[in-house]
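Accompanying notes for the structure given below.
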Amino acid sequence: MNFNWKETYDELHSTFPGYNATPLIGITGNFGEKGCELAEGYYRSILAAGGTPVVIPPYAEPDALGTLLDRLDGLMLSGGADINPLYTDEEPLPALHGINPKRDASELLLVRMAYDRQLPILGICRGIQVLATALDGSVWQDLATQYVPSLQDDEAVQPLIKHSQNLDRGIASHRIEIDRDSTLYNIIKKETLAVNSFHHQAVRETGPHLRVTARSKDGVIEAVESNEYMSLLGVQWHPECFVLENDECMIPLFRWLVNEASLFARTRCIHRHILTLDSHEDTPMFFEQGVRFDHRESHVLVDLHKMKEGMLDVGIMVAYLPQKERDEASLLQATAYADSVLDKLEAMVKAHPEHVAIAYTPDDLCRLKREGKKAVMMGIENGYAIGKDIRNVERFRQRGVVYMTLCHNGDNDVCDSARGCAEHGGLSDFGKEVVREMNRVGMMVDLSHAAESTFWDALELSATPIVCSHSSCRALCDHPRNLTDKQMKALAEKGGVMQVTIYKGFLVKDGQATLRDVVRHINHAVKVMGIDHVGIGTDFDGDGGVPGIASANELPNLTRALLREGYSVQDLRKLWGGNFLRVMSLCQHV
């Protein structure tokens, strides 16, 4: 016995060095005759890479899996049995090997839930196949009887190589070609890699969430990774076997997982300790369709599930009104419609008092965060909602509306729109009265969608700072809805805030925006305005969302990206709502 646990225990407690916690990596266990089991190479590789491994037994209770995932920092899917082809709507072929229904049920559910939480994942052999199956792809049941080798380099068809070696597990048996434009290449730093091989199945179709990043000479998929901006990687070989032979050539794979898990752990810690606010969501538009806020709907970008997974504390949900006719009957109808949307929003929240509540002030938000509840604030998008009755401003404020966007796409009786006809030359006389009344009753003035003329009129007139709840930088994307650097500087000088939006058409001219473009706009806004005057307003459910941050559950990807850019925790506190709430407090006179 070379290990003396008592000496180690005494040494551990002889001083208090202030250890930094290593990331906790869950490893899926196999299921054998005696229950859960795991080959040594998996957890040894995680330890060698600086992580803390924990084995996940095969079970499929969703509440327990959710609790587990909320504590893990990363996930590794181990190898093992074949996957039941019924999960991909296929019948079993004669060459199918043994399947493990306990693992299938557990791991397919686990992967989907981990993916929803943006947890870093590394899949190994069976693990890559589980990733594909869980994320809407498919698997070859048996390469020898199903797979037709693909044409490589416009030459002859390459014959199927041997994919299940008889060599020792720690010895490579064939080579793979790695795409240079891939996470895997950035990890391995090679275009060609010698790997081992113990499988007869492989990924057939990646599905919409993954892309191929490595193949063997016969075209068999050897590696996949996420199409989006989360940390997800699957490999067909067994890198953990090399570690047991004291060969460290595969350790970079495990270091990648541990490093990504460390960043995820830091992100989650930050979100737990700051208030995270999204200043513009159009989700109430879906309530008329019978959408329930406590249900997960693929076409709805904000719900209770996604808010929890994305660690979003506050969503300002708006009663959106498209600009229509302005005769007396239409104006009365617009006001009634705004009230009906707010009614539905209040009813939705009241139906789930244990999980969410309406908030009216910044203090309410802090209280609800402490209580473990999500918060919803109410806004109005388009001053068309008040018609020509100035009394509606105070009435909507008393209902709890925290801001009103003065217009939308079209001039109204309040002001000119960025997409209007310059009817008033800025604020109308009635619009000036509206701004003064909003100042008086404590409602924030929102100038997103406003024409430049309206912007300058309102900025000069308003007695309190102004916000743009979902706008971006015109210097990076020349769209009339975006703010010029001159506007941004003036807004900051008056104490206001611009909330960078995630609508693709306001990020890049061709609309092919990604998370990187969101970060570019935030960086530019901070450079022009200063860190105290920038925030985030996604425009989710109003066509907002881009790859990498496509719904509320993917918001941590933005935090991780900003951490990589060098933003501090205090910076993130300001960007994720602190600046916006400062203005709200000033407007509400609290």
Side-chain angles (χ1 to χ4, degrees), residues 276-310 312-322 324 331-369 371-387 389 391-405 408 441-444 446 469-470 537-544 551-553 584 588:
T276 308
L277 178 146
D278 177 0
S279 64
H280 193 86
E281 298 167 354
D282 283 294
T283 311
M285 287 196 297
F286 288 94
F287 297 157
E288 291 184 342
Q289 302 174 19
V291 168
R292 293 174 57 181
F293 196 55
D294 62 330
H295 283 212
R296 188 183 199 92
E297 301 278 358
S298 60
H299 63 291
V300 177
L301 305 186
V302 184
D303 56 38
L304 278 174
H305 296 280
K306 297 182 182 74
M307 288 184 75
K308 180 178 184 296
E309 294 158 356
L312 175 63
D313 298 308
V314 188
I316 301 184
M317 297 190 175
V318 299
Y320 157 69
L321 290 85
K324 295 184 179 180
L331 292 175
L332 290 173
Q333 186 177 10
T335 302
Y337 177 75
D339 276 313
S340 71
V341 174
L342 297 177
D343 289 342
K344 289 183 176 68
L345 180 55
E346 289 174 331
M348 176 276 292
V349 170
K350 289 178 180 177
H352 308 287
E354 68 279 19
H355 300 301
V356 62
I358 297 284
Y360 303 97
T361 69
D363 284 345
D364 289 341
L365 300 179
C366 297
R367 172 180 55 81
L368 291 169
K369 171 105 175 174
E371 293 175 1
K373 294 180 181 180
K374 300 302 180 184
V376 168
M377 287 184 145
M378 297 187 293
I380 289 176
E381 186 173 21
N382 197 352
Y384 182 52
I386 65 170
D389 189 346
R391 295 173 299 176
N392 281 326
V393 173
E394 182 172 18
R395 189 176 64 80
F396 279 126
R397 177 68 194 110
Q398 289 177 344
R399 285 206 64 169
V401 171
V402 294
Y403 75 69
M404 183 170 70
T405 315
H408 192 252
V441 302
M443 186 185 293
M444 302 166 82
D446 176 19
S469 67
H470 57 303
T538 64
D539 205 10
F540 281 154
D541 293 319
D543 288 335
S551 54
N553 60 297
M584 184 183 294
Q588 293 184 357

Across all chains, not counting sequence neighbours, the ring pair (Phe, Tyr, Trp, His ring centres under 6.0 Å) partners of Tyr403 are none

Exercise. Spell out, as yes or no, whether a donor-acceptor pair under 3.5 Å connects the side chain of Arg367 to the backbone of Ala359.
Key: no

(request) Would you check if the side chain of Asp313 reaches a backbone N or O of Thr276 as a donor-acceptor pair within less than 3.5 Å? (result) yes

| task | Please tell me if the side chains of Thr405 and Val318 come closer than 4.5 Å, counting only heavy atoms from C-beta onward. | result | no

Side chain to side chain donor-acceptor pair (under 3.5 Å) filter on His355, not counting sequence neighbours, yields none

Minimal heavy-atom distance between Asp446 and Ser469, with the atoms involved, is OD2-OG, 2.7 Å

Ala334 meets the side chain to side chain contact (heavy atoms under 4.5 Å, CB included) criterion, sequence neighbours left out, with Leu321, Tyr384

Those residues at least two apart in sequence (or on a different chain) that pass ring pair (Phe, Tyr, Trp, His ring centres under 6.0 Å) with His280 are His470

ask   = Can you tell if the side chain of Arg395 reaches within under 4.5 Å of the side chain of Asp339, non-hydrogen atoms only?
value = yes

> Is the closest basic N to carboxylate O distance between Lys350 and Glu346 below 4.0 Å?
Replying inline: no

Item checked: Test side-chain contact (heavy atoms from CB on, under 4.5 Å) applied to Ile380 and Met443, step by step -> CA-CA 11 Å; Ile380 289 176; Met443 186 185 293; 5.9 Å; no

- [ ] Return yes if some donor-acceptor pair links the side-chain N/O of Asp541 with the main-chain N/O of Leu301 below 3.5 Å, else return no.
- [x] yes

Smallest heavy-atom separation, Gly442 atom then Arg397 atom, equals O-NE, 3.2 Å

Could you check Val441 against Phe396 for side-chain contact (heavy atoms from CB on, under 4.5 Å), going step by step and ending with a plain yes or no?
-> CA-CA 10 Å; Val441 302; Phe396 279 126; over 6 Å; no

Contacts of Tyr360 meeting ring pair (Phe, Tyr, Trp, His ring centres under 6.0 Å) (sequence neighbours excluded), chain-then-number -> none

In short, Ala385 meets Thr335 closest at the heavy-atom pair O-OG1, 2.6 Å

Sorted by chain and residue number, the ring pair (Phe, Tyr, Trp, His ring centres under 6.0 Å) partners of His305 (sequence neighbours excluded) come out as none

With sequence neighbours left out, the residues meeting side chain to side chain donor-acceptor pair (under 3.5 Å) with Glu281 are none

One should read off an interatomic distance between Leu304 CG and His295 NE2, to the nearest 0.5 angstrom, of 10.5 Å

The residue among Met377, Met378, Met444 that forms side chain to side chain contact (heavy atoms under 4.5 Å, CB included) with Ile316 is Met377

Residue pairs passing the salt bridge (charged side-chain N to carboxylate O under 4.0 Å, His left out) test with at least one member in residues 299-309, sequence neighbours excluded, are Asp70-Lys308, Arg296-Glu309, Asp303-Lys306

Residues Tyr337 and Tyr320: closest non-hydrogen pair is CE2-O, 3.5 Å

Notebook entry, point to check: Is the shortest distance from a Lys or Arg side-chain nitrogen in Lys373 or Asp364 to a carboxylate oxygen in the other one below 4.0 Å?
Noted result: no

| 4.5 Å side-chain heavy-atom contact, Glu297 and Gln289 | no

Note to self: Does Val300 form a side-chain contact (heavy atoms from CB on, under 4.5 Å) with Phe540? I'd like the steps, not just the answer.
What the structure shows: CA-CA 8 Å; Val300 177; Phe540 281 154; over 6 Å; no

Sorted by chain and residue number, the side chain to side chain donor-acceptor pair (under 3.5 Å) partners of Asp363 (sequence neighbours excluded) come out as none

Sequence neighbours excluded, the answer for side chain to side chain donor-acceptor pair (under 3.5 Å) partners of Asp389 is Arg391

Here the gap from Ile386 atom CD1 to Leu331 atom CG, rounded to the nearest 0.5 Å, amounts to 10.0 Å

Contacts of Met348 meeting side chain to side chain contact (heavy atoms under 4.5 Å, CB included) (sequence neighbours excluded), chain-then-number -> Phe287, Phe293, Met317, Leu345

Distance col, row Met584:CE vs Leu365:CG, nearest 0.5 angstrom, shows 6.5 Å

Asp282 and Asp539, any side-chain heavy atoms less than 4.5 Å apart = yes

Hits for side chain to side chain contact (heavy atoms under 4.5 Å, CB included) against Val349, two or more places apart or cross-chain, chain-then-number order -> Val356, Ile358, Val376

